[in-house]
Amino acid sequence: MIQAKASTGLVALLGHPVQHSLSPLMHNAAFAASGQNLVYLAFDVEPGNLAAALAGLKALGIRGANVTVPHKEAVIPCLDAVDPVAARIGAVNTIVNEDRCLKGYNTDGSGFLRSLVEAGFDPAGKRVVILGAGGAARAVAFALAAAGCASLVLANRTPERATELAGALAGAGLPAPVVYRLGDAGMRPEVEAADLVLNTTSLGMWPRVEETPLPPDWFRPGQWVYDLVYNPLETKFLAGARRRGCRVFSGLDMLLYQGAAAFTLWTGREAPVAVMDRVLREAMGASSGGPAAGR
Ligand code: ATR
């Protein structure tokens, strides 16, 4: 645990709610392991107080922040500058306070990509199915397009949202993504043909662990299957994929690497990912089936 001194800097998490976030554990362990004179604290900020909280970041000289549900989009007009990647995604999850200029970044997409690459999956030339079309889907879709994936198929409960994301991806160097309503049996051949199938919906998240966005017999052995949900670590979706002989990833991998990228933005240093990973897995082991959630 960091011994806070008068010179200790602060990094804040702004969300609503925040009490189950794993980020304070992860980042405080990272700051301690790498000798950073920083502490990370979570603040429950109601939507009506977001602008005041950001003014507070500036007034107090707070080093930076993470932004989570429900503020990732709403925070953008309150910032002094927004990184082009975050602007395209339309969501900010990390803020750096550079001489009282608040600049917003999005590390979800880059963190997601790094988790794939660390595991040995190169998205270039691959066919990808994305289930969901919310903020997380936008971040990973832009990252996959930038990494040169061959095609994207989008499926969402509200197909209009997937169509809107497909439109936003025009010019990203991909064929126009095909859009389905989530659960449409017509997309089964697309799922079977995919190299990577990705759940970005909240289906299967604790406590609704019996939900899954796809029947498991749609998976093909040898596919890579990724669930951005990390509580539980193995969702029904992932358990079905694993039983079919797929290579599976939980959302803890993305949580880790989006955090590592944010650490680097605040400190200019490489993040101690082994320490962060251990802390996250210990916390999930300790709270399996419990309410740990969100960044
Ligand atoms: P996030 O930032 O985590 O992506 P979000 O923007 O609220 O959060 O998006 C949530 C995603 O989960 C959306 O794709 C949402 O589908 P809709 O666009 O139709 O709302 C999906 N989702 C949430 N609950 C769902 C449910 N019960 N069934 C199917 N999809 C669901």
Side-chain angles (χ1 to χ4, degrees), residues 1-2 4-32 36-111 134-136 138-139 202 228 231 251 254-268 271 276 280 283 291-295:
M1 186 42 112
I2 290 166
K5 304 185 282 276
S7 59
T8 301
L10 175 62
V11 177
L13 171 65
L14 312 179
H16 179 67
V18 290
Q19 68 266 33
H20 301 303
S21 170
L22 297 175
S23 289
L25 271 180
M26 171 171 69
H27 283 298
N28 284 318
F31 293 153
Q36 297 290 324
N37 186 18
L38 290 169
V39 290
Y40 186 106
L41 295 175
F43 295 91
D44 193 327
V45 178
E46 291 189 5
N49 288 331
L50 181 62
L54 290 169
L57 290 186
K58 269 193 193 182
L60 299 174
I62 289 172
R63 171 77 66 91
N66 273 145
V67 183
T68 189
V69 176
H71 302 315
K72 286 187 183 185
E73 286 118 42
V75 76
I76 289 180
C78 307
L79 297 170
D80 300 304
V82 178
D83 174 71
V85 173
R88 283 196 76 193
I89 295 168
V92 158
N93 77 330
T94 302
I95 297 172
V96 180
N97 185 355
E98 291 160 359
D99 298 327
R100 303 195 190 270
C101 169
L102 300 184
K103 182 164 181 184
Y105 297 85
N106 189 307
T107 68
D108 285 334
S110 59
R138 290 182 73 87
S202 48
L228 297 197
N231 186 21
M254 177 161 155
L255 179 65
L256 169 66
Y257 287 110
Q258 66 76 32
F263 178 100
T264 298
L265 286 169
W266 298 318
T267 65
M276 296 160 82
L280 287 178
R295 273 180 271 293

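All values below come from the heavy atoms of this structure, side chains included, with hydrogens, waters and symmetry mates left out.
Counting all heavy atoms, side chain and backbone alike, Ala12 lies closest to Leu57 at CB-CD2, 4.3 Å. Residue Pro47 comes nearest to His16 through the heavy atom pair CD-CD2, 4.1 Å, listed as atom of the first residue, atom of the second, then distance. In terms of heavy atoms, Ala86 sits closest to Gly104 at CB-O, 4.2 Å.
Residues Thr267 and Leu38 form a side-chain contact, since some pair of their non-hydrogen atoms from C-beta on lies under 4.5 Å apart. Residues Asn66 and Leu14 have side chains not in contact (no heavy-atom distance under 4.5 Å, counting atoms from C-beta outward). Within the 4.5 Å cutoff, the side chain of Val82 has no heavy atoms near those of the Tyr105 side chain. Considering only heavy atoms from C-beta on, Val67 comes within 4.5 Å of Ile95 through its side chain. Taking the side chain as every heavy atom from C-beta outward, Asn37 and Lys5 approach each other to under 4.5 Å. Side-chain contact between Tyr40 and Leu13: present, with at least one pair of heavy atoms (C-beta onward) separated by less than 4.5 Å.
Between His27 and Trp266, the two ring planes are perpendicular [angle over 60°; tilted spans 30° to 60°].
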### Message
Test side-chain contact (heavy atoms from CB on, under 4.5 Å) on Leu255 and Leu280; report intermediate values, then the result.
### Response
CA-CA 9 Å; Leu255 179 65; Leu280 287 178; 3.8 Å; yes
### Query
Taking it one step at a time, do Ile62 and Val11 satisfy side-chain contact (heavy atoms from CB on, under 4.5 Å)?
CA-CA 6 Å; Ile62 289 172; Val11 177; 5.8 Å; no
### Task
In sequence, state the C-alpha distance, the side-chain angles, and the governing distance for Met26 and Phe263, and then conclude on side-chain contact (heavy atoms from CB on, under 4.5 Å).
CA-CA 10 Å; Met26 171 171 69; Phe263 178 100; over 6 Å; no
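The main-chain N or O of Val45 is never found under 3.5 Å from a side-chain atom of Asn49 such that the two would form a donor-acceptor pair. Listed for the His71 side chain is no donor-acceptor partner under 3.5 Å among the backbone atoms of Val92.
Thr68 and Asn93 are not linked by any side-chain donor-acceptor pair at a separation below 3.5 angstrom, with hydrogens and angles left out of the test.
Between Asp80 and the choices Lys58, Arg100, Lys103, the salt bridge (charged side-chain N to carboxylate O under 4.0 Å, His left out) rule is met once, by Lys58.
Once rounded to the nearest 0.5 Å, the distance linking CG of Asp44 with OG of Ser21 reads 11.0 Å. Once rounded to the nearest 0.5 Å, the distance linking OG of Ser23 with CE of Met276 reads 8.5 Å. The distance from atom CZ of Arg138 to atom CD1 of Ile89, rounded to the nearest 0.5 Å, is 8.5 Å. The line from CG of Asn97 to CG of Leu102 is 5.0 Å long, rounded to the nearest 0.5 Å. To the nearest 0.5 Å, the span separating CG on Asp83 from CG on Asn106 amounts to 8.5 Å.
One finds a salt bridge joining Lys72 and Asp108 here, because a Lys/Arg side-chain nitrogen approaches an Asp/Glu carboxylate oxygen to under 4.0 Å.
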